[in-house]
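These notes concern the structure reproduced below.
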Amino acid sequence: MTASSPAAHAVPLPARRPVLADAILPRTTVLTDLALVLAGATLVALLAQVTIPLPIVPITGQTLGVLVVGAALGARRGAAALTTYMGAGLAGLPVFAGFTGTIAAVATPSFGFILGFIPAAFIAGWFAERAWDRRPWLAMIGFVAASIVPFLVGVPYMAYVLNVVMGAGYDLAGILAVGVTPFIAGGLVKAAIAALVIPAAWRGVRALDSRR
């Protein structure tokens, strides 16, 4: 009798499946991947200008862009697009909310959310690579999960900037009041929009394929 290895009993991860970009451009090259990454960064930059001002962190359309880009491009390209977006803003291009962009953004309370967009796009893409983006209810679950990630990075970052750098002295309730509570309803709405848009795009792709 031979002892079985732990790997033999491991539960296999769901296989990666094509995402929306793969269905539209089935033969991608390095250049097309680069173009997709740049297009994703541009979409997020455009949606960042849809802004509802708040005292500390504004409500913007960036999160919607993060979800759509992550799902459409997949985990790696989605994360690359958001890394490109962040890098462009830090380099001085006016891609952040309010057509701003500067290295000084790292000292603002909201910059942690921009950092959090990178893993959020990766997670949205990871779910899309498991075909969760093809049915609205599954897409909604994946997009809500991805929407939580920027808060996991952004809220501690914001608390550090406000309390340590600026000396504002916010307690936990105050941090949640300015960095979490105002964004819950909007986050759910943006996740729902993405959960309608991406499955609808898949239906359009399948309809076109059926006519060929």
Partners passing side-chain contact (heavy atoms from CB on, under 4.5 Å) against [X] (at least two apart in sequence or in another chain):
X: Leu115; value: Met86, Phe111, Val153, Tyr157
X: Pro136; value: Pro199
X: Ala91; value: none
X: Val197; value: Ile193

*Which pairs with one or both residues in residues 39-52 pass side-chain hydrogen bond (donor to acceptor under 3.5 Å, both in side chains), sequence neighbours excluded?*
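Residue pairs passing side-chain hydrogen bond (donor to acceptor under 3.5 Å, both in side chains), neighbours aside: none found.
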Transitively linked via ILVMFWY side-chain contacts under 4.5 Å: [X] with [Y]?
X: Val189; Y: Ile198; value: yes
X: Leu196; Y: Phe127; value: no
X: Leu25; Y: Val30; value: no
X: Phe183; Y: Val155; value: yes
X: Ile118; Y: Leu47; value: yes

*Is there a donor-acceptor pair under 3.5 Å between the side chain of Asp133 and the backbone N or O of Ala139?*
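Such a contact is absent between Asp133 side chain and Ala139 backbone.
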*Keeping the roles fixed (side chain from Thr102, backbone from Ala105), state whether a donor-acceptor pair exists under 3.5 Å.*
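No.
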Got a second to check how far [X]'s [atom1] is from [Y]'s [atom2], nearest 0.5 Å?
X: Leu93; Y: Thr100; atom1: CG; atom2: OG1; result: 11.5 Å
X: Tyr170; Y: Asn163; atom1: OH; atom2: CG; result: 8.5 Å
X: Leu176; Y: Ile184; atom1: CG; atom2: CD1; result: 9.0 Å
X: Thr63; Y: Phe143; atom1: OG1; atom2: CZ; result: 12.5 Å

*Cation-aromatic face contact Arg135/Trp132, 6.0 Å, 45 degrees*: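 Arg135 over Trp132 ring: no.
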Donor-acceptor contacts under 3.5 Å from residues 65-81 side chains, at least two apart:
{"residue": "Arg77", "atom": "NE", "partner": "Leu73", "partner atom": "O", "Å": "2.8"}
{"residue": "Arg77", "atom": "NH1", "partner": "Asp33", "partner atom": "OD1", "Å": "2.9"}
{"residue": "Arg77", "atom": "NH2", "partner": "Asp22", "partner atom": "OD1", "Å": "2.9"}
{"residue": "Arg77", "atom": "NH2", "partner": "Leu73", "partner atom": "O", "Å": "2.9"}

Heavy-atom closest pair, residues [X] and [Y]:
X: Leu188; Y: Met140; value: O-CE, 3.6 Å
X: Val149; Y: Ala120; value: CG1-N, 3.9 Å
X: Ala48; Y: Val95; value: CB-O, 3.6 Å

*Is there any salt bridge (Lys or Arg N to Asp or Glu O under 4.0 Å) pair reaching into residues 38-50, and which pairs are they, with sequence neighbours excluded?*
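Every candidate salt bridge (Lys or Arg N to Asp or Glu O under 4.0 Å) pair involving residues 38-50 fails, so no pair, neighbours aside, qualifies.
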*Among pairs that include at least one residue of residues 167-194, which meet salt bridge (Lys or Arg N to Asp or Glu O under 4.0 Å), considering only residues two or more places apart or in two chains?*
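Salt bridge (Lys or Arg N to Asp or Glu O under 4.0 Å) check on residues 167-194 returns no pairs.
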*In the hydrophobic cluster built from side-chain contacts under 4.5 Å, what are the other members alongside Leu34?*
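Leu38, listed by chain and number.
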*asked:* Per the ring-ring contact (aromatic ring centres under 6.0 Å, His included) rule, what does the pair list look like for residues 71-102, sequence neighbours excluded?
replied: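 For residues 71-102: Tyr85-Phe96.
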*Is the shortest heavy-atom distance from the side chain of Pro109 to the side chain of Met166 under 4.5 Å?*
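Pro109 vs Met166: side chains touch.
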*asked:* Would Thr108 and Val161 count as a side-chain contact (heavy atoms from CB on, under 4.5 Å) here? Give the steps.
replied: CA-CA 7 Å; Thr108 63; Val161 172; over 6 Å; no
_Test of understanding: with side-chain hydrogen bond (donor to acceptor under 3.5 Å, both in side chains), list the residues that count as partners of Thr60, not counting sequence neighbours._
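Scan of Thr60 (side-chain hydrogen bond (donor to acceptor under 3.5 Å, both in side chains), adjacent residues dropped) gives Gln62.
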_List the residues meeting ring pair (Phe, Tyr, Trp, His ring centres under 6.0 Å) with Phe151, not counting sequence neighbours, and say none if there are none._
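Listed in chain order: Phe113.
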